[in-house]
Amino acid sequence: MDIIEPLIAPIQDFLKSNGFEMPNWFVEVVLLVLLPFGLWILNKIKNKISRHLRYIKKAKDLHPYFTKSYVKEARKYYVPTRLRDKPPSNYEDYLMSRTIDIDIDAIQWFKSKGFGFTDEDDARFYLILSDSGMGKSTLMVNLYIEYSSYFFRKYDIKLFTLGHPQTLEDIKKIKDDYREKKTILLLDGFDEDSEAAQDWKKRFRELIDIVQGFRKVVITSRTQFFPNEIEEPYELHIQKNGKDKENHTFHKMYVSPFSDSDVKMYLDKKFGRYNPFNFEKKEIAKKIIDQSPSLMVRPMLLSYIDDLLQTSSSFKYVFQIYDQLILKWISREANRFGSERADSFRENLQLFSRIVALKIYEKWSSRPIEKGLSLSAEDIEKIAKDFDIELDSLEMKSKSLLNRNAIGQYKFSHKSILEFFLAKEYIINEDFSKKFDFIGFDQAKKFVGEFSKVKYVLKFIDEKNIKIYSSVFEILIGEQKVARFVKTISLNETQFYDLLIKMDDSIFVEGFNELIFENLVIQKDSSKYKIENIKKFTTLKRITLFTNVEKTYNGKIKELKELIPNCYIPGWDFFINQDSSYKSI
């Protein structure tokens, strides 16, 4: 009441000056209703500004190891990472491991126990392992922010990435300032260290020698980086204090897969718990996840849900979801390289994945007693040699869709991914389909049933050696440019001609559109195209022309704008405006 009374007089003066007159009690009631809401709004704005300023500060602290946008996203959509003492890849099903083993909230555990010890002889070295895409880096960023924001913390904390050339220099600065005993050191991505790729044992010894004086040391790595569970670093050549003179050991921990409740929490963070504007998107996302629950236990794949929503408002088949996620995964790994290597890496990783699937099945079908769905490290190396695959050992084992189990065997991160590749081969390879046995591969049978709709398309693409790849393009929709994840098909003159002829087949047309080709690259123009058939590409959103402008005008490509008016053709208006005779197109 003390706050409201001084406000009544000026509000009444304002109302009277504008020709309104209201009793004081009414103004007081309105203020009683509106003031708490206004204070709530101001508090929300204050918290948002405060959060934004914290992001900026933490991003500066983590520069150049993590970008501001990465830090912001890592915080905004973070679902608490859980750790366990047994690798989930030892189980056939990731989800099963979550229900069998006991796991702990990583950040809460480190804050209360891992970083809470005062005796320097207690556990000081931690190794966090996981398969690809399980959120190790996101955990490190959140652990750093949570602990560094803790008012009563005992120690400083620093986070570096081991793949960055500046890391060792920055660690040395901490040692030179004699701050190492008061500093917790987080080192992300041992598998990304270039020298570790050459000789990981030697590099690990060198690294431990450098960091052994720090209060606590936490190192992350992909599980696949080490040959097997036995060879994962454990005992260190650093003695504890005390009469027993024991050596320090690594406290090994493994990242748990997402549970159903984790997936739900992620969707609530992504789309809002009750946000009416995102209700439809959230419902579509749930349907997509229900169709492929085994894939969504990986935070990295779940983070691609936006790409799936942009690609299509709905997916008719489960194989479409697997296809998009696998292509996106491969693109993510390829984008780590420069543009010159990215395309080559993408093609080699796709070929490698396909051959590995075939070799796993070949081994499985020829050894009825040993029903394992894995290959040895030697098998992996032999595949690269026999098929001229330009990937090194680390790229095949650590950056692919494979996981390493405890005894050093390599298998696909989930059996359903293996079955996806086998089903695709079944459709396009008649010799393989004749000898393939569906017993034990129920999901592959389902995929084949779905693939039958696009069988002719896949076979045609394979026969004509047409290139397919995925990327993100800026697409013009109306007057607005939006980023859209698309599957691109690149055609030369002959391939484009053959494709348009093939579009006379209605079954082929249906299958083609179900594959969600949204971007078409035409490398040359020709007057002999059945250009009217391009109207049958109902999913097409963009056409890119790599062709001579004069030939474009003389051929039939100029009719594209009329045939598919809703399709974006980059540079088309620019070319047209250079020649007044074509302004009517």
Side-chain angles (χ1 to χ4, degrees), residues 87 89-90 92-94 131-133 191 197 222-228 294-295 298 300-301 319 322-334 344-367 370-429 431-433 435-438 440-441 443-444 447-448 451 458 462 468-470:
S89 57
N90 286 355
E92 187 65 34
D93 191 327
Y94 259 28
D131 298 326
S132 304
D191 54 289
R222 297 190 190 196
T223 314
Q224 307 99 308
F225 188 71
F226 305 106
N228 53 58
S294 299
L295 290 181
R298 289 171 175 265
M300 180 57 69
L301 290 178
F319 87 81
Y322 274 71
D323 197 28
Q324 293 287 8
L325 285 174
I326 289 169
L327 285 168
K328 184 65 178 175
W329 178 277
I330 291 174
S331 292
R332 171 213 175 209
E333 295 296 342
S344 169
F345 181 88
R346 188 182 292 109
E347 290 181 13
N348 277 281
L349 193 51
Q350 285 175 331
L351 175 61
F352 173 73
S353 301
R354 171 177 170 257
I355 300 301
V356 165
L358 295 177
K359 291 297 180 182
I360 287 176
Y361 178 76
E362 184 180 306
K363 176 184 173 183
W364 184 89
S365 60
S366 63
R367 300 180 187 177
E370 302 174 26
K371 292 291 185 180
L373 297 173
S374 59
L375 295 175
S376 67
E378 293 74 19
D379 293 332
I380 298 294
E381 301 285 353
K382 190 172 186 302
I383 286 173
K385 184 178 179 181
D386 291 348
F387 291 88
D388 295 323
I389 295 173
E390 297 176 5
L391 299 172
D392 62 33
S393 179
L394 175 60
E395 289 167 350
M396 288 186 291
K397 297 171 185 175
S398 181
K399 299 183 184 299
S400 65
L401 293 155
L402 304 179
N403 293 337
R404 193 220 72 211
N405 62 19
I407 61 173
Q409 297 280 321
Y410 289 84
K411 62 179 182 178
F412 281 98
S413 55
H414 194 270
K415 185 184 175 187
S416 60
I417 297 177
L418 164 67
E419 294 184 84
F420 173 83
F421 283 110
L422 294 178
K424 200 166 184 179
E425 192 70 20
Y426 183 96
I427 291 296
I428 64 175
N429 187 337
D431 291 336
F432 180 78
S433 65
K435 62 183 181 183
F436 184 74
D437 187 350
F438 283 106
F441 297 97
Q443 185 62 51
F447 282 140
V448 167
F451 267 132
L458 292 169
D462 188 56
I468 304 172
Y469 59 94
S470 294

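Along the sequence shown, residues are numbered consecutively beginning with 1.
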Roughly how far, to the nearest 0.5 Å, is [atom2] of [Y] from [atom1] of [X]?
{"X": "Leu373", "Y": "Ile360", "atom1": "CG", "atom2": "CD1", "result": "7.0 Å"}
{"X": "Leu358", "Y": "Ser353", "atom1": "CG", "atom2": "OG", "result": "11.0 Å"}
{"X": "Phe421", "Y": "Tyr322", "atom1": "CZ", "atom2": "OH", "result": "11.5 Å"}

Counterpart residues, ring pair (Phe, Tyr, Trp, His ring centres under 6.0 Å), relative to Phe352 (two or more places apart): none
Ring pair (Phe, Tyr, Trp, His ring centres under 6.0 Å) partners of Phe387, counting only residues at least two apart: none
Ring centre gap for Phe412 and Phe420 strictly below 6.0 Å: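 No - the distance between ring centres of Phe412 and Phe420 does not fall below the 6.0 Å cut-off.
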Sub-6.0 Å ring centroid separation between Phe441 and Tyr426: no
Qualifying residues under side-chain contact (heavy atoms from CB on, under 4.5 Å), relative to Glu381, sequence neighbours excluded: Ser393, Met396, Lys397
Contacts of Asp437 that satisfy side-chain contact (heavy atoms from CB on, under 4.5 Å) - sequence neighbours left out: Tyr361, Ile439
Residues which pass side chain to side chain donor-acceptor pair (under 3.5 Å) with Ser344, listed by chain and number, not counting sequence neighbours: Asn348
Partners meeting side chain to side chain donor-acceptor pair (under 3.5 Å) with Asn429 (sequence neighbours left out):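 For Asn429, the residues satisfying side chain to side chain donor-acceptor pair (under 3.5 Å) (neighbours in sequence not counted) are Glu425.
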Closest contact, heavy atoms only, Phe447 versus Ala423: CB-CB, 3.4 Å
Side-chain contact, heavy-atom cut-off 4.5 Å: [X] with [Y]?
{"X": "Val356", "Y": "Tyr410", "answer": "no"}
{"X": "Lys411", "Y": "Leu418", "answer": "no"}
{"X": "Leu402", "Y": "Ile380", "answer": "yes"}

Set of residues satisfying salt bridge (charged side-chain N to carboxylate O under 4.0 Å, His left out) with respect to Asp386, sequence neighbours excluded: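 Salt bridge (charged side-chain N to carboxylate O under 4.0 Å, His left out) check on Asp386 returns Lys382.
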Parallel, tilted or perpendicular, as decided by the 30° and 60° cut-offs, for the rings of Phe436 and Phe432: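 Phe432 vs Phe436 ring planes: tilted.
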Check against side-chain contact (heavy atoms from CB on, under 4.5 Å), Lys359 and Ile383: CA-CA 9 Å; Lys359 291 297 180 182; Ile383 286 173; 3.8 Å; yes
Test item: Glu419 side-chain N/O and Gln443 main-chain N/O as donor-acceptor pair under 3.5 Å: yes
